[in-house]
Amino acid sequence: MMFLRQLRGELRKLFARPRTYMGYGAFLMMEILILVVYRFTDGEAYMRDLIERNGYQSDIYFSSLTLTFMVMTISMALLGSIFFALVAGDVVAKENEDGNLRLVLGRPISRLRLLLVKYSAVAVYTFTFVFFVGVSGYLMAAAAVGRDGGLFVSEPKMKVFAVYSQWGEGMLRLALGATGIGVSMITLSSLAFMFSCFRIKPAAATILTLAILFVDMILQNFPFFRPFEHWFITWRMSCWIHLFEHDIPWARIVESYSLLFGLNLTFFMIGFLSFRLRDFKT
Amino acid sequence: MLHLDSLKKSFGRKPALDDVSFEVGEGEIYGLLGHNGAGKSTTLGIILGMVAPDAGEARIRGVSVQRKRAEALRHVGSIFESPSFYEYLSGWENLRILASYSGPFDADAAREIVGRVGLAGRIGSKVRTYSHGMRQRLALAQALLPMPRVLLLDEPTDGLDPEGIKWFRDFILGLREERGMTVLFNSHLLAEVEQMCDRVAILKQGRRVYEGRVSALAEDEKIFEIDVAPADRAVGVIEAAGGGMLSPGRMSLPPDADPSAVVAAMVGAGVRVSAFAPVRRSLEDLYLEMTR
(Lines give C-alpha, C1' and ligand atoms only; values in the text may rest on other atoms or scores of the structure.)
Protein backbone atom coordinates (compact mmCIF):
# COMPACT_ATOMS: atom_id res chain seq x y z
CA MET A 1 0.00 0.00 0.00
CA MET A 2 2.77 2.34 1.03
CA PHE A 3 4.70 1.40 -2.11
CA LEU A 4 1.68 2.22 -4.27
CA ARG A 5 1.30 5.60 -2.56
CA GLN A 6 4.94 6.35 -3.21
CA LEU A 7 4.62 5.15 -6.81
CA ARG A 8 1.61 7.42 -7.31
CA GLY A 9 3.66 10.37 -6.08
CA GLU A 10 6.53 9.42 -8.38
CA LEU A 11 4.18 9.16 -11.36
CA ARG A 12 2.61 12.48 -10.42
CA LYS A 13 6.07 14.07 -10.54
CA LEU A 14 6.93 12.35 -13.79
CA PHE A 15 3.74 13.31 -15.57
CA ALA A 16 3.73 16.87 -14.23
CA ARG A 17 7.01 17.71 -15.93
CA PRO A 18 6.68 19.40 -19.31
CA ARG A 19 9.58 17.41 -20.81
CA THR A 20 7.69 14.17 -20.15
CA TYR A 21 5.13 15.36 -22.68
CA MET A 22 7.68 16.27 -25.32
CA GLY A 23 7.63 12.64 -26.43
CA TYR A 24 3.85 12.54 -26.62
CA GLY A 25 3.76 15.75 -28.61
CA ALA A 26 6.54 14.64 -30.96
CA PHE A 27 4.84 11.31 -31.65
CA LEU A 28 1.48 12.92 -32.31
CA MET A 29 3.06 15.34 -34.78
CA MET A 30 4.93 12.53 -36.47
CA GLU A 31 1.84 10.34 -36.72
CA ILE A 32 -0.13 13.18 -38.27
CA LEU A 33 2.68 13.83 -40.75
CA ILE A 34 2.98 10.15 -41.73
CA LEU A 35 -0.75 9.83 -42.27
CA VAL A 36 -1.08 13.06 -44.24
CA VAL A 37 1.81 12.14 -46.55
CA TYR A 38 0.53 8.59 -46.79
CA ARG A 39 -3.00 9.66 -47.63
CA PHE A 40 -2.28 12.46 -50.06
CA THR A 41 0.77 11.20 -51.94
CA ASP A 42 1.44 7.89 -53.67
CA GLY A 43 2.13 6.19 -50.31
CA GLU A 44 -1.27 4.54 -50.42
CA ALA A 45 -0.67 3.28 -53.97
CA TYR A 46 2.71 1.90 -52.91
CA MET A 47 1.19 -0.02 -50.00
CA ARG A 48 -1.67 -1.37 -52.07
CA ASP A 49 0.83 -2.49 -54.69
CA LEU A 50 3.00 -4.19 -52.06
CA ILE A 51 0.01 -6.06 -50.63
CA GLU A 52 -1.30 -7.11 -54.03
CA ARG A 53 2.15 -8.25 -55.24
CA ASN A 54 2.12 -10.64 -52.28
CA GLY A 55 -1.17 -12.04 -53.50
CA TYR A 56 -3.52 -10.36 -51.02
CA GLN A 57 -6.45 -8.07 -51.54
CA SER A 58 -5.44 -4.52 -50.77
CA ASP A 59 -9.03 -3.59 -49.89
CA ILE A 60 -8.82 -5.91 -46.89
CA TYR A 61 -5.25 -5.42 -45.78
CA PHE A 62 -4.72 -1.76 -46.54
CA SER A 63 -6.24 -0.74 -43.23
CA SER A 64 -5.92 1.23 -40.04
CA LEU A 65 -4.33 -1.80 -38.34
CA THR A 66 -1.63 -2.08 -41.00
CA LEU A 67 -0.92 1.64 -40.81
CA THR A 68 -0.69 1.49 -37.01
CA PHE A 69 1.73 -1.42 -37.24
CA MET A 70 3.93 0.57 -39.61
CA VAL A 71 3.89 3.67 -37.44
CA MET A 72 4.85 1.67 -34.34
CA THR A 73 7.65 -0.36 -35.91
CA ILE A 74 9.28 2.51 -37.73
CA SER A 75 9.04 5.15 -35.05
CA MET A 76 9.43 3.34 -31.75
CA ALA A 77 13.01 2.12 -32.18
CA LEU A 78 14.38 5.54 -33.06
CA LEU A 79 12.17 8.30 -31.71
CA GLY A 80 10.82 6.25 -28.79
CA SER A 81 14.35 5.41 -27.68
CA ILE A 82 15.25 9.08 -27.43
CA PHE A 83 12.34 9.88 -25.12
CA PHE A 84 12.76 6.79 -22.96
CA ALA A 85 16.46 7.62 -22.54
CA LEU A 86 15.56 11.23 -21.74
CA VAL A 87 12.95 10.45 -19.11
CA ALA A 88 14.75 7.50 -17.47
CA GLY A 89 18.08 9.33 -17.60
CA ASP A 90 16.51 12.23 -15.72
CA VAL A 91 14.66 10.34 -13.05
CA VAL A 92 17.46 10.20 -10.46
CA ALA A 93 20.20 12.43 -11.87
CA LYS A 94 17.93 15.44 -12.41
CA GLU A 95 16.52 15.25 -8.90
CA ASN A 96 20.05 15.11 -7.59
CA GLU A 97 21.08 18.06 -9.73
CA ASP A 98 18.05 20.10 -8.66
CA GLY A 99 18.57 19.26 -4.99
CA ASN A 100 15.19 17.50 -4.58
CA LEU A 101 16.88 14.27 -3.52
CA ARG A 102 18.10 15.86 -0.27
CA LEU A 103 14.52 16.34 0.88
CA VAL A 104 13.62 12.77 -0.08
CA LEU A 105 16.72 11.18 1.45
CA GLY A 106 16.04 13.00 4.71
CA ARG A 107 12.96 10.79 5.02
CA PRO A 108 12.81 7.27 6.48
CA ILE A 109 12.91 5.51 3.15
CA SER A 110 15.70 3.14 2.15
CA ARG A 111 17.68 3.88 -0.99
CA LEU A 112 16.69 0.50 -2.42
CA ARG A 113 13.02 1.25 -1.97
CA LEU A 114 13.40 4.73 -3.38
CA LEU A 115 15.07 3.35 -6.50
CA LEU A 116 12.44 0.61 -6.81
CA VAL A 117 9.71 3.25 -6.73
CA LYS A 118 11.49 5.34 -9.35
CA TYR A 119 12.26 2.32 -11.53
CA SER A 120 8.62 1.22 -11.37
CA ALA A 121 7.52 4.70 -12.41
CA VAL A 122 9.90 4.59 -15.38
CA ALA A 123 8.57 1.17 -16.37
CA VAL A 124 4.97 2.44 -16.16
CA TYR A 125 5.90 5.47 -18.26
CA THR A 126 7.60 3.29 -20.88
CA PHE A 127 4.66 0.96 -21.12
CA THR A 128 1.98 3.64 -21.23
CA PHE A 129 3.95 5.58 -23.82
CA VAL A 130 4.07 2.59 -26.18
CA PHE A 131 0.33 2.11 -25.79
CA PHE A 132 -0.27 5.82 -26.31
CA VAL A 133 1.60 5.62 -29.61
CA GLY A 134 -0.40 2.54 -30.57
CA VAL A 135 -3.81 3.94 -29.62
CA SER A 136 -3.22 7.42 -31.05
CA GLY A 137 -1.73 5.88 -34.20
CA TYR A 138 -4.76 3.65 -34.62
CA LEU A 139 -7.26 6.47 -34.04
CA MET A 140 -5.57 8.65 -36.63
CA ALA A 141 -5.25 5.80 -39.09
CA ALA A 142 -8.94 4.92 -38.57
CA ALA A 143 -9.85 8.54 -39.24
CA ALA A 144 -7.79 8.47 -42.41
CA VAL A 145 -8.71 5.09 -43.94
CA GLY A 146 -11.62 3.79 -41.84
CA ARG A 147 -11.60 1.33 -38.93
CA ASP A 148 -12.33 -1.90 -40.85
CA GLY A 149 -9.88 -4.27 -42.49
CA GLY A 150 -7.24 -6.81 -41.56
CA LEU A 151 -3.58 -6.63 -40.65
CA PHE A 152 -0.67 -7.01 -43.06
CA VAL A 153 2.72 -7.56 -41.41
CA SER A 154 5.99 -7.59 -43.31
CA GLU A 155 9.33 -7.31 -41.50
CA PRO A 156 12.08 -8.58 -43.81
CA LYS A 157 14.99 -8.12 -41.38
CA MET A 158 13.49 -10.41 -38.73
CA LYS A 159 11.98 -12.57 -41.52
CA VAL A 160 8.41 -12.18 -40.29
CA PHE A 161 5.48 -12.11 -42.69
CA ALA A 162 1.87 -12.55 -41.62
CA VAL A 163 -1.65 -11.55 -42.61
CA TYR A 164 -4.86 -11.48 -40.56
CA SER A 165 -8.03 -10.92 -42.50
CA GLN A 166 -10.31 -10.38 -39.47
CA TRP A 167 -10.17 -7.04 -37.69
CA GLY A 168 -10.53 -8.67 -34.24
CA GLU A 169 -7.64 -11.05 -34.78
CA GLY A 170 -5.48 -8.30 -36.23
CA MET A 171 -6.24 -5.98 -33.31
CA LEU A 172 -5.41 -8.74 -30.83
CA ARG A 173 -2.03 -9.27 -32.49
CA LEU A 174 -1.42 -5.55 -32.56
CA ALA A 175 -2.16 -5.31 -28.83
CA LEU A 176 0.12 -8.29 -28.18
CA GLY A 177 2.83 -6.67 -30.28
CA ALA A 178 2.48 -3.37 -28.38
CA THR A 179 2.86 -5.27 -25.11
CA GLY A 180 6.01 -6.87 -26.50
CA ILE A 181 7.41 -3.50 -27.58
CA GLY A 182 6.67 -2.11 -24.12
CA VAL A 183 8.52 -4.96 -22.41
CA SER A 184 11.45 -4.61 -24.82
CA MET A 185 11.71 -0.87 -24.31
CA ILE A 186 12.00 -1.31 -20.55
CA THR A 187 15.54 -2.57 -21.21
CA LEU A 188 16.42 0.75 -22.80
CA SER A 189 14.85 2.60 -19.87
CA SER A 190 16.77 0.35 -17.46
CA LEU A 191 20.05 1.27 -19.12
CA ALA A 192 19.26 4.99 -18.86
CA PHE A 193 18.09 4.49 -15.26
CA MET A 194 21.41 2.84 -14.37
CA PHE A 195 23.36 5.80 -15.73
CA SER A 196 21.00 8.17 -13.94
CA CYS A 197 22.03 6.58 -10.63
CA PHE A 198 25.68 7.42 -11.27
CA ARG A 199 27.25 10.69 -10.18
CA ILE A 200 26.73 12.28 -13.61
CA LYS A 201 24.61 14.97 -15.20
CA PRO A 202 21.16 13.92 -16.50
CA ALA A 203 22.16 14.82 -20.05
CA ALA A 204 25.19 12.55 -19.79
CA ALA A 205 22.95 9.64 -18.70
CA THR A 206 20.74 10.19 -21.75
CA ILE A 207 23.63 10.55 -24.18
CA LEU A 208 25.45 7.48 -22.85
CA THR A 209 22.29 5.40 -23.24
CA LEU A 210 21.64 6.56 -26.78
CA ALA A 211 25.30 6.07 -27.70
CA ILE A 212 25.18 2.44 -26.56
CA LEU A 213 21.86 1.88 -28.30
CA PHE A 214 22.93 3.35 -31.62
CA VAL A 215 26.33 1.61 -31.61
CA ASP A 216 24.46 -1.65 -30.97
CA MET A 217 22.10 -0.95 -33.88
CA ILE A 218 24.87 0.15 -36.25
CA LEU A 219 27.14 -2.82 -35.56
CA GLN A 220 24.23 -5.17 -36.06
CA ASN A 221 23.81 -3.90 -39.59
CA PHE A 222 27.35 -4.79 -40.68
CA PRO A 223 27.15 -8.02 -42.71
CA PHE A 224 30.12 -9.56 -40.92
CA PHE A 225 28.43 -9.06 -37.56
CA ARG A 226 25.46 -11.14 -38.73
CA PRO A 227 26.73 -14.37 -37.07
CA PHE A 228 26.79 -12.49 -33.74
CA GLU A 229 23.43 -10.76 -34.06
CA HIS A 230 21.90 -12.66 -31.16
CA TRP A 231 24.46 -10.97 -28.87
CA PHE A 232 23.09 -7.54 -29.62
CA ILE A 233 20.65 -5.93 -27.19
CA THR A 234 18.56 -4.36 -29.95
CA TRP A 235 18.28 -7.69 -31.76
CA ARG A 236 16.89 -9.22 -28.56
CA MET A 237 14.64 -6.21 -28.10
CA SER A 238 13.18 -6.84 -31.57
CA CYS A 239 11.86 -10.25 -30.56
CA TRP A 240 8.35 -8.78 -30.14
CA ILE A 241 7.92 -8.94 -33.92
CA HIS A 242 7.61 -12.72 -33.62
CA LEU A 243 4.35 -12.15 -31.72
CA PHE A 244 2.81 -11.37 -35.13
CA GLU A 245 3.67 -14.78 -36.59
CA HIS A 246 0.78 -17.19 -37.07
CA ASP A 247 2.55 -19.83 -34.99
CA ILE A 248 4.19 -17.77 -32.27
CA PRO A 249 7.71 -19.12 -31.52
CA TRP A 250 7.30 -18.84 -27.75
CA ALA A 251 10.62 -20.53 -26.96
CA ARG A 252 12.54 -17.91 -28.94
CA ILE A 253 10.52 -15.09 -27.39
CA VAL A 254 10.92 -16.39 -23.83
CA GLU A 255 14.67 -16.83 -24.40
CA SER A 256 15.06 -13.22 -25.54
CA TYR A 257 12.86 -11.78 -22.81
CA SER A 258 14.67 -13.84 -20.15
CA LEU A 259 17.92 -12.39 -21.36
CA LEU A 260 16.48 -8.88 -21.38
CA PHE A 261 15.07 -9.43 -17.88
CA GLY A 262 18.55 -10.48 -16.70
CA LEU A 263 19.99 -7.36 -18.29
CA ASN A 264 17.36 -5.16 -16.64
CA LEU A 265 18.15 -6.69 -13.26
CA THR A 266 21.87 -6.21 -13.82
CA PHE A 267 21.42 -2.58 -14.87
CA PHE A 268 19.24 -1.94 -11.82
CA MET A 269 21.70 -3.58 -9.42
CA ILE A 270 24.70 -1.68 -10.82
CA GLY A 271 22.72 1.56 -10.55
CA PHE A 272 21.63 0.71 -7.01
CA LEU A 273 25.16 -0.16 -5.85
CA SER A 274 26.49 3.09 -7.25
CA PHE A 275 23.66 5.02 -5.60
CA ARG A 276 24.01 3.10 -2.33
CA LEU A 277 27.69 3.95 -1.96
CA ARG A 278 27.27 7.65 -2.59
CA ASP A 279 27.36 10.34 0.06
CA PHE A 280 24.72 13.03 -0.31
CA LYS A 281 25.87 16.10 1.55
CA THR A 282 23.22 18.45 2.81
CA MET B 1 17.38 11.81 22.31
CA LEU B 2 20.25 12.33 19.87
CA HIS B 3 23.67 10.76 20.43
CA LEU B 4 26.71 11.13 18.24
CA ASP B 5 29.58 8.83 19.11
CA SER B 6 33.10 9.47 17.83
CA LEU B 7 32.12 10.35 14.29
CA LYS B 8 34.92 10.31 11.74
CA LYS B 9 34.62 11.11 8.07
CA SER B 10 37.04 11.98 5.29
CA PHE B 11 36.29 12.96 1.72
CA GLY B 12 39.27 11.62 -0.16
CA ARG B 13 42.28 12.70 1.84
CA LYS B 14 40.50 15.67 3.35
CA PRO B 15 39.23 14.99 6.86
CA ALA B 16 35.75 16.41 7.39
CA LEU B 17 35.03 15.12 10.89
CA ASP B 18 37.50 13.93 13.47
CA ASP B 19 36.12 12.19 16.51
CA VAL B 20 33.05 14.35 17.02
CA SER B 21 30.71 13.36 19.83
CA PHE B 22 27.84 15.12 21.52
CA GLU B 23 24.39 14.46 22.93
CA VAL B 24 21.19 16.45 22.65
CA GLY B 25 18.61 15.86 25.35
CA GLU B 26 14.86 15.68 24.89
CA GLY B 27 13.30 19.11 24.43
CA GLU B 28 16.69 20.75 24.06
CA ILE B 29 17.71 23.18 21.31
CA TYR B 30 21.33 22.57 20.43
CA GLY B 31 23.36 24.85 18.18
CA LEU B 32 26.11 23.68 15.91
CA LEU B 33 28.53 26.39 14.89
CA GLY B 34 31.62 26.59 12.72
CA HIS B 35 33.13 28.10 9.60
CA ASN B 36 32.21 26.83 6.15
CA GLY B 37 33.81 23.41 5.82
CA ALA B 38 34.04 22.93 9.59
CA GLY B 39 31.94 19.76 9.36
CA LYS B 40 28.45 20.97 10.32
CA SER B 41 26.67 19.77 7.18
CA THR B 42 28.61 16.50 7.22
CA THR B 43 27.41 15.97 10.79
CA LEU B 44 23.81 16.55 9.74
CA GLY B 45 24.31 14.30 6.71
CA ILE B 46 25.51 11.49 8.97
CA ILE B 47 22.57 11.97 11.34
CA LEU B 48 20.20 11.65 8.37
CA GLY B 49 22.05 8.65 6.91
CA MET B 50 22.90 10.60 3.76
CA VAL B 51 26.62 10.43 4.50
CA ALA B 52 28.27 7.21 5.67
CA PRO B 53 30.77 7.82 8.49
CA ASP B 54 34.20 6.15 8.36
CA ALA B 55 33.83 5.42 12.09
CA GLY B 56 31.34 6.07 14.87
CA GLU B 57 27.59 6.21 14.74
CA ALA B 58 24.60 8.49 15.25
CA ARG B 59 21.68 7.30 17.35
CA ILE B 60 18.23 8.83 17.51
CA ARG B 61 16.10 7.73 20.45
CA GLY B 62 18.58 4.89 20.92
CA VAL B 63 18.28 3.59 17.34
CA SER B 64 21.40 3.61 15.19
CA VAL B 65 20.96 5.57 11.96
CA GLN B 66 23.74 3.54 10.35
CA ARG B 67 22.13 0.18 11.18
CA LYS B 68 18.39 0.94 11.13
CA ARG B 69 18.05 4.16 9.18
CA ALA B 70 14.32 3.97 8.42
CA GLU B 71 13.43 3.24 12.04
CA ALA B 72 15.77 5.89 13.41
CA LEU B 73 14.39 8.60 11.11
CA ARG B 74 10.75 7.79 11.71
CA HIS B 75 10.39 10.74 14.09
CA VAL B 76 12.79 13.17 12.45
CA GLY B 77 12.04 16.21 10.33
CA SER B 78 14.71 18.21 8.56
CA ILE B 79 15.18 21.50 6.75
CA PHE B 80 18.13 22.34 4.56
CA GLU B 81 19.58 25.61 3.44
CA SER B 82 17.79 26.66 0.21
CA PRO B 83 15.42 23.68 0.06
CA SER B 84 14.67 22.52 -3.49
CA PHE B 85 11.08 21.51 -4.12
CA TYR B 86 9.42 20.23 -7.26
CA GLU B 87 8.88 23.63 -8.82
CA TYR B 88 6.30 22.46 -11.33
CA LEU B 89 4.00 21.11 -8.58
CA SER B 90 1.92 23.00 -6.03
CA GLY B 91 3.02 23.33 -2.43
CA TRP B 92 0.29 20.90 -1.42
CA GLU B 93 1.41 18.28 -3.96
CA ASN B 94 4.99 18.67 -2.75
CA LEU B 95 3.86 18.03 0.81
CA ARG B 96 1.82 15.03 -0.26
CA ILE B 97 4.69 13.45 -2.20
CA LEU B 98 7.35 14.09 0.44
CA ALA B 99 5.09 12.86 3.24
CA SER B 100 4.48 9.62 1.33
CA TYR B 101 8.12 8.68 1.97
CA SER B 102 7.47 8.82 5.71
CA GLY B 103 4.08 7.13 6.00
CA PRO B 104 0.42 7.72 5.30
CA PHE B 105 -0.53 11.29 4.37
CA ASP B 106 -2.83 12.84 6.95
CA ALA B 107 -4.60 15.63 5.03
CA ASP B 108 -6.14 17.17 8.16
CA ALA B 109 -2.81 17.31 9.96
CA ALA B 110 -1.21 18.74 6.83
CA ARG B 111 -3.89 21.46 6.56
CA GLU B 112 -3.34 22.38 10.19
CA ILE B 113 0.44 22.64 9.71
CA VAL B 114 0.03 24.62 6.51
CA GLY B 115 -2.18 27.05 8.41
CA ARG B 116 0.31 27.34 11.23
CA VAL B 117 3.21 28.15 8.92
CA GLY B 118 1.05 30.77 7.21
CA LEU B 119 0.80 29.21 3.77
CA ALA B 120 -2.90 28.38 3.71
CA GLY B 121 -3.69 30.97 1.03
CA ARG B 122 -0.94 29.87 -1.35
CA ILE B 123 -0.56 26.14 -0.77
CA GLY B 124 -2.38 25.38 -4.03
CA SER B 125 -0.01 27.56 -6.09
CA LYS B 126 2.97 26.16 -7.95
CA VAL B 127 6.18 26.36 -5.93
CA ARG B 128 7.91 28.22 -8.76
CA THR B 129 5.76 31.24 -7.81
CA TYR B 130 6.90 31.19 -4.15
CA SER B 131 9.25 33.73 -2.58
CA HIS B 132 12.27 32.56 -0.58
CA GLY B 133 10.40 33.09 2.67
CA MET B 134 7.44 31.03 1.44
CA ARG B 135 9.76 28.22 0.44
CA GLN B 136 11.25 28.21 3.93
CA ARG B 137 7.73 28.01 5.37
CA LEU B 138 6.95 25.12 3.06
CA ALA B 139 10.21 23.48 4.12
CA LEU B 140 9.12 23.85 7.71
CA ALA B 141 5.70 22.36 6.90
CA GLN B 142 7.25 19.32 5.18
CA ALA B 143 9.62 18.83 8.12
CA LEU B 144 6.72 18.89 10.56
CA LEU B 145 4.52 16.52 8.58
CA PRO B 146 5.76 13.26 10.03
CA MET B 147 5.01 14.80 13.46
CA PRO B 148 8.67 14.63 14.41
CA ARG B 149 10.18 14.47 17.87
CA VAL B 150 13.52 15.68 16.51
CA LEU B 151 14.01 18.58 14.11
CA LEU B 152 17.28 19.05 12.22
CA LEU B 153 17.75 22.55 10.86
CA ASP B 154 20.60 23.33 8.48
CA GLU B 155 20.93 27.09 8.00
CA PRO B 156 17.13 27.47 8.01
CA THR B 157 17.08 31.26 8.25
CA ASP B 158 19.64 31.90 5.53
CA GLY B 159 18.37 34.59 3.20
CA LEU B 160 15.31 35.47 5.28
CA ASP B 161 14.50 39.08 6.10
CA PRO B 162 14.57 40.18 9.79
CA GLU B 163 10.80 39.64 10.15
CA GLY B 164 11.14 36.18 8.65
CA ILE B 165 13.98 35.31 10.99
CA LYS B 166 12.01 36.44 14.03
CA TRP B 167 8.93 34.55 12.88
CA PHE B 168 11.02 31.43 12.40
CA ARG B 169 12.66 31.75 15.81
CA ASP B 170 9.34 32.25 17.59
CA PHE B 171 7.85 29.32 15.71
CA ILE B 172 10.64 26.92 16.71
CA LEU B 173 10.60 28.10 20.32
CA GLY B 174 6.81 27.62 20.30
CA LEU B 175 7.19 24.07 19.03
CA ARG B 176 9.62 23.24 21.79
CA GLU B 177 7.25 24.73 24.34
CA GLU B 178 4.23 22.90 22.91
CA ARG B 179 5.59 19.52 21.91
CA GLY B 180 8.88 19.29 23.77
CA MET B 181 10.60 18.96 20.41
CA THR B 182 14.35 18.38 20.27
CA VAL B 183 16.13 20.65 17.81
CA LEU B 184 19.60 20.56 16.30
CA PHE B 185 20.24 23.96 14.79
CA ASN B 186 23.09 24.64 12.42
CA SER B 187 23.56 28.30 11.57
CA HIS B 188 25.98 31.08 10.82
CA LEU B 189 23.76 33.62 12.49
CA LEU B 190 25.32 33.72 15.96
CA ALA B 191 22.74 36.08 17.40
CA GLU B 192 20.01 33.63 16.35
CA VAL B 193 21.80 30.71 17.92
CA GLU B 194 22.34 32.68 21.09
CA GLN B 195 18.66 33.57 21.33
CA MET B 196 17.35 30.11 20.49
CA CYS B 197 19.76 27.48 21.76
CA ASP B 198 20.23 26.00 25.18
CA ARG B 199 23.66 24.61 24.37
CA VAL B 200 26.15 25.04 21.56
CA ALA B 201 29.06 23.15 20.10
CA ILE B 202 31.70 24.78 17.95
CA LEU B 203 33.38 22.78 15.22
CA LYS B 204 36.74 23.74 13.77
CA GLN B 205 38.32 21.77 10.94
CA GLY B 206 36.19 18.76 11.78
CA ARG B 207 36.91 18.78 15.51
CA ARG B 208 34.67 19.87 18.33
CA VAL B 209 36.56 22.68 20.07
CA TYR B 210 33.84 23.83 22.45
CA GLU B 211 30.60 22.67 24.00
CA GLY B 212 28.64 24.46 26.69
CA ARG B 213 25.45 26.12 27.79
CA VAL B 214 24.62 29.46 26.19
CA SER B 215 23.42 30.81 29.55
CA ALA B 216 26.80 29.94 31.08
CA LEU B 217 28.78 32.00 28.59
CA ALA B 218 28.87 34.99 30.90
CA GLU B 219 29.81 32.80 33.84
CA ASP B 220 32.67 30.93 32.18
CA GLU B 221 34.96 33.90 32.22
CA LYS B 222 34.82 37.58 33.10
CA ILE B 223 35.77 39.89 30.27
CA PHE B 224 36.87 43.51 30.62
CA GLU B 225 37.80 46.28 28.29
CA ILE B 226 40.87 48.05 29.62
CA ASP B 227 43.11 50.98 28.84
CA VAL B 228 46.40 50.52 30.71
CA ALA B 229 50.04 51.56 30.42
CA PRO B 230 52.58 50.11 30.31
CA ALA B 231 50.82 47.14 28.79
CA ASP B 232 53.54 44.53 29.46
CA ARG B 233 53.49 45.25 33.18
CA ALA B 234 49.68 45.02 33.23
CA VAL B 235 49.76 41.68 31.39
CA GLY B 236 52.06 40.29 34.10
CA VAL B 237 49.53 41.23 36.80
CA ILE B 238 46.59 39.82 34.81
CA GLU B 239 48.36 36.52 34.17
CA ALA B 240 49.33 36.26 37.82
CA ALA B 241 45.60 36.50 38.63
CA GLY B 242 44.87 33.57 36.25
CA GLY B 243 43.62 35.73 33.40
CA GLY B 244 44.92 36.70 29.99
CA MET B 245 44.69 39.18 27.15
CA LEU B 246 42.07 38.25 24.53
CA SER B 247 43.03 41.09 22.22
CA PRO B 248 44.63 44.49 22.66
CA GLY B 249 42.41 46.33 25.13
CA ARG B 250 40.41 43.23 26.07
CA MET B 251 41.25 40.86 28.94
CA SER B 252 39.63 37.93 30.70
CA LEU B 253 39.67 36.77 34.29
CA PRO B 254 38.61 33.43 35.78
CA PRO B 255 35.05 33.37 37.26
CA ASP B 256 36.34 33.38 40.86
CA ALA B 257 38.77 36.29 40.42
CA ASP B 258 38.08 39.59 42.17
CA PRO B 259 38.37 42.37 39.55
CA SER B 260 38.91 45.12 42.13
CA ALA B 261 41.87 43.20 43.59
CA VAL B 262 43.37 42.91 40.12
CA VAL B 263 42.97 46.65 39.52
CA ALA B 264 44.59 47.35 42.92
CA ALA B 265 47.47 45.00 42.05
CA MET B 266 47.99 46.79 38.72
CA VAL B 267 48.04 50.19 40.39
CA GLY B 268 50.40 48.79 43.02
CA ALA B 269 52.71 47.60 40.24
CA GLY B 270 52.86 51.11 38.79
CA VAL B 271 50.38 50.54 35.97
CA ARG B 272 48.29 53.56 34.97
CA VAL B 273 44.67 52.31 34.65
CA SER B 274 42.64 54.76 32.55
CA ALA B 275 39.69 52.42 31.90
CA PHE B 276 38.48 49.10 33.33
CA ALA B 277 34.92 48.13 32.29
CA PRO B 278 33.22 44.72 32.41
CA VAL B 279 31.89 43.40 29.10
CA ARG B 280 29.20 40.79 28.69
CA ARG B 281 30.73 37.91 26.80
CA SER B 282 28.70 37.12 23.71
CA LEU B 283 28.54 33.95 21.69
CA GLU B 284 30.33 35.88 18.98
CA ASP B 285 33.27 36.52 21.34
CA LEU B 286 33.45 32.85 22.18
CA TYR B 287 33.08 31.79 18.56
CA LEU B 288 35.84 34.11 17.39
CA GLU B 289 38.14 32.95 20.19
CA MET B 290 37.54 29.30 19.41
CA THR B 291 37.83 29.51 15.67
CA ARG B 292 40.64 32.03 15.40
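Worth knowing before you read on, the calculation uses all heavy atoms, side chains too, and leaves out hydrogens, waters and symmetry mates. We name chains A, B, ... by the order of the sequence lines, and we start the count at 1 in each one.
Looking at A:Leu114, only its side chain comes within 4.5 Å of chain B, counting heavy atoms on both sides. Proximity to chain B is absent for every atom of A:Arg113, based on heavy atoms less than 4.5 angstrom apart. With a 4.5 angstrom heavy-atom cutoff, A:Asn100 touches chain B via backbone and side-chain atoms both. Heavy atoms of B:Leu98 lying under 4.5 Å from chain A belong to its backbone as well as its side chain.
Of the inter-residue distances, the one linking A:Arg102 atom CZ with B:Ser41 atom OG reads 8.5 Å to the nearest 0.5 angstrom. The line from CD1 of B:Ile97 to CZ of A:Arg107 is 11.5 Å long, rounded to the nearest 0.5 Å. Going from atom CG of A:Leu4 over to atom OG of B:Ser100 covers 11.5 Å, rounded to the nearest 0.5 Å.
Of all residues in residues 110-144 of chain B, those placing a non-hydrogen atom less than 4.5 angstrom from a non-hydrogen atom of chain A are B:Gln142, B:Ala143. Residues of residues 53-62 of chain B never come closer than 4.5 Å to chain A when only heavy atoms are counted.
At least one donor-acceptor pair under 3.5 Å links the side chain of B:Arg69 to the backbone N or O of A:Ile109.
Contact of the B:Lys9 side chain with the A:Asp279 side chain is registered, since non-hydrogen atoms from C-beta on lie closer than 4.5 Å.
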Could you go through the side chain to side chain contact (heavy atoms under 4.5 Å, CB included) check for A:Arg17 and B:Tyr86 one step at a time?
-> CA-CA 9 Å; A:Arg17 290 170 62 182; B:Tyr86 303 106; over 6 Å; no
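By the neighbour-count criterion of 12 heavy atoms within 6.0 Å, atom CZ of A:Phe261 is sparsely surrounded, having that number or fewer from other residues, nucleotides or ligands.
With respect to chain B, the highest number of heavy-atom pairs below 4.5 Å among A:Arg8, A:Glu10, A:Lys13, A:Arg5 belongs to A:Lys13.
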